[in-house]
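Please read the structure below before turning to the comments.
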Amino acid sequence: MNLSKLIIINLALDALGQDAINQDELTARDDDNARVCDDNYDLVRVSLLELYPYDFASDDFVLTVSGSTMNGFEYCYDKPDEALSVYGIWNPVSKKVDDKIRFKTRRGLVGTDQEDAVAICCLDEDDPTAYSASFARGFALHLAAAVCKAVTGKDSLKRDLLQEAGHYIRLAQTNTALQEYEDAQETTGRRYIDL
């Protein structure tokens, strides 16, 4: 799927029953709908990316020890510059991801009790061609909900848009989880469930 910012904005406008815009209108920002969608685009994108470690917008980073400390944690690391947020910490020695490894992020730091920690991080993926189709659709519907009042003058569609958007975002999350499961089965050579 050849996605672009313009396509996602036009999907949002279509969900609101509005006419599509073209690239010139988006670039010039002289169309009210183009301007309000462009103003909300990055905020909605980042808030959705931070929800879940989607396969197209997450990566593992070996954390570097910080010169700072964080109360309540044995180790303090610098949060990677590329990371919007940290989803979890895992132990590279056992190569086991353990959701129970306690951590906290604050002001560019990651505190944890895990020595030699690896962080699963959310990346600021701003290239729509990397998005899955279900994420792109959920993103467009969330964008439509965010601009609903400004574009249509009423909020009556917002709840329905968010409900439908939630369906597509959960589908994107499920697809990522299934892909991770299949990758793990290929790595270990075991397959318990034939999907």
Side-chain angles (χ1 to χ4, degrees), residues 1-18 20-23 26-27 33-34 36-61 79-90 95-99 105 118-148 151 157-188 190-195:
M1 182 178 238
N2 194 12
L3 288 170
S4 67
K5 182 177 184 176
L6 179 64
I7 288 172
I8 290 172
I9 287 174
N10 279 328
L11 287 170
L13 290 172
D14 182 61
L16 295 170
Q18 302 295 308
I21 60 170
N22 61 42
Q23 187 61 49
L26 181 59
T27 304
N33 289 349
V36 74
C37 286
D38 190 38
D39 288 347
N40 286 274
Y41 184 89
D42 283 329
L43 179 64
V44 172
R45 177 183 58 79
V46 168
S47 66
L48 289 175
L49 288 173
E50 288 185 321
L51 284 176
Y52 188 82
Y54 305 99
D55 56 347
F56 58 83
S58 64
D59 204 355
D60 294 352
F61 291 90
K79 186 175 97 177
D81 292 336
E82 309 90 281
L84 287 174
S85 61
V86 176
Y87 295 117
I89 302 291
W90 63 280
K95 298 195 179 358
K96 178 182 176 187
V97 176
D98 186 352
D99 293 337
T105 59
V118 174
I120 304 166
C121 297
C122 165
L123 304 178
D124 188 7
E125 182 58 71
D126 60 357
D127 178 7
T129 61
Y131 303 157
S132 67
S134 52
F135 179 85
R137 184 68 179 157
F139 176 14
L141 290 166
H142 268 281
L143 180 59
V147 302
C148 185
V151 170
L157 290 174
K158 192 172 188 173
R159 190 181 76 191
D160 292 339
L161 289 167
L162 288 173
Q163 186 173 12
E164 187 178 356
H167 164 76
Y168 284 102
I169 294 301
R170 284 188 298 280
L171 183 60
Q173 293 169 346
T174 301
N175 289 341
T176 294
L178 286 173
Q179 183 62 50
E180 288 174 1
Y181 171 79
E182 289 175 359
D183 291 348
Q185 296 310 311
E186 287 176 16
T187 302
T188 63
R190 296 178 298 189
R191 189 164 187 100
Y192 299 108
I193 303 170
D194 191 10
L195 300 174

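Worth knowing before you read on, the calculation uses all heavy atoms, side chains too, and leaves out hydrogens, waters and symmetry mates. By convention here, the first residue in the shown sequence is residue 1.
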Rounded distance [0.5 Å steps], [atom1] in [X] versus [atom2] in [Y]:
{"X": "Glu164", "Y": "Arg159", "atom1": "CD", "atom2": "CZ", "answer": "13.5 Å"}
{"X": "Leu6", "Y": "Leu11", "atom1": "CG", "atom2": "CG", "answer": "9.5 Å"}
{"X": "Ser132", "Y": "Leu3", "atom1": "OG", "atom2": "CG", "answer": "9.0 Å"}
{"X": "Glu125", "Y": "Leu84", "atom1": "CD", "atom2": "CG", "answer": "10.5 Å"}
{"X": "Gln23", "Y": "Ile7", "atom1": "CD", "atom2": "CD1", "answer": "10.0 Å"}
{"X": "Ile89", "Y": "Asp60", "atom1": "CD1", "atom2": "CG", "answer": "10.0 Å"}

(message) Suppose we screen for side-chain contact (heavy atoms from CB on, under 4.5 Å). Which residues come up paired with Asp160, at least two apart in sequence or across chains?
(response)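 Per chain and number, Asp160 pairs via side-chain contact (heavy atoms from CB on, under 4.5 Å) with Gln163.
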
(message) According to side-chain contact (heavy atoms from CB on, under 4.5 Å), who are the partners of Pro53, at least two apart in sequence or on a separate chain?
(response)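 side-chain contact (heavy atoms from CB on, under 4.5 Å) check on Pro53 returns Ser58, Tyr87, Ile120.
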
(message) Enumerate the salt bridge (charged side-chain N to carboxylate O under 4.0 Å, His left out) contacts for residues 45-56, please, sequence neighbours excluded, ordered by first and then second residue.
(response)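 Listed by first then second residue: Asp42-Arg45, Arg45-Asp124.
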
Could you list the donor-acceptor pairs under 3.5 angstrom formed between side-chain atoms of residues 167-175 and any protein atom two or more places apart in sequence or on another chain?
{"unit_1": "Arg170", "atom_1": "NH1", "unit_2": "Gly166", "atom_2": "O", "d": "3.3"}
{"unit_1": "Thr174", "atom_1": "OG1", "unit_2": "Arg170", "atom_2": "O", "d": "2.9"}
{"unit_1": "Asn175", "atom_1": "ND2", "unit_2": "Leu171", "atom_2": "O", "d": "3.4"}

(request) Please lay out, stage by stage, how Thr129 and Phe56 fare under the test side-chain contact (heavy atoms from CB on, under 4.5 Å). (result) CA-CA 10 Å; Thr129 61; Phe56 58 83; over 6 Å; no

(request) Please list, chain by chain and in numerical order, all residues satisfying side chain to side chain donor-acceptor pair (under 3.5 Å) with Asp126, sequence neighbours excluded. (result)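 Asp126 satisfies side chain to side chain donor-acceptor pair (under 3.5 Å) with no other residue.
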
(request) State, with a plain yes or no, whether a side-chain heavy atom of Glu82 is found less than 4.5 Å away from one of Phe61. (result)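 The answer is yes; the side chains approach within 4.5 Å.
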
(request) Would you indicate whether the side-chain heavy atoms of Phe135 and Thr176 approach each other to under 4.5 Å? (result)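 Heavy-atom side-chain distance check fails, nothing below 4.5 Å.
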
(request) Report the residue from Val36, Ile21, Val147 that forms a side-chain contact (heavy atoms from CB on, under 4.5 Å) with Leu13. (result)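 Answer after filtering Val36, Ile21, Val147: Ile21.
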
(message) I'd like to check the ring-ring contact (aromatic ring centres under 6.0 Å, His included) partners of Phe139; sequence neighbours left out, ordered by chain and number.
(response)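 Expected list: Tyr41.
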
(message) Looking at every non-hydrogen atom in both residues, tell me the closest pair between Lys158 and Cys148 and how far apart they are.
(response)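 What the structure gives for the nearest pair is N-SG, 4.1 Å.
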
(request) Please assess Leu16 against Leu161 for the test side-chain contact (heavy atoms from CB on, under 4.5 Å), listing each intermediate value before the final yes or no. (result) CA-CA 9 Å; Leu16 295 170; Leu161 289 167; 3.6 Å; yes

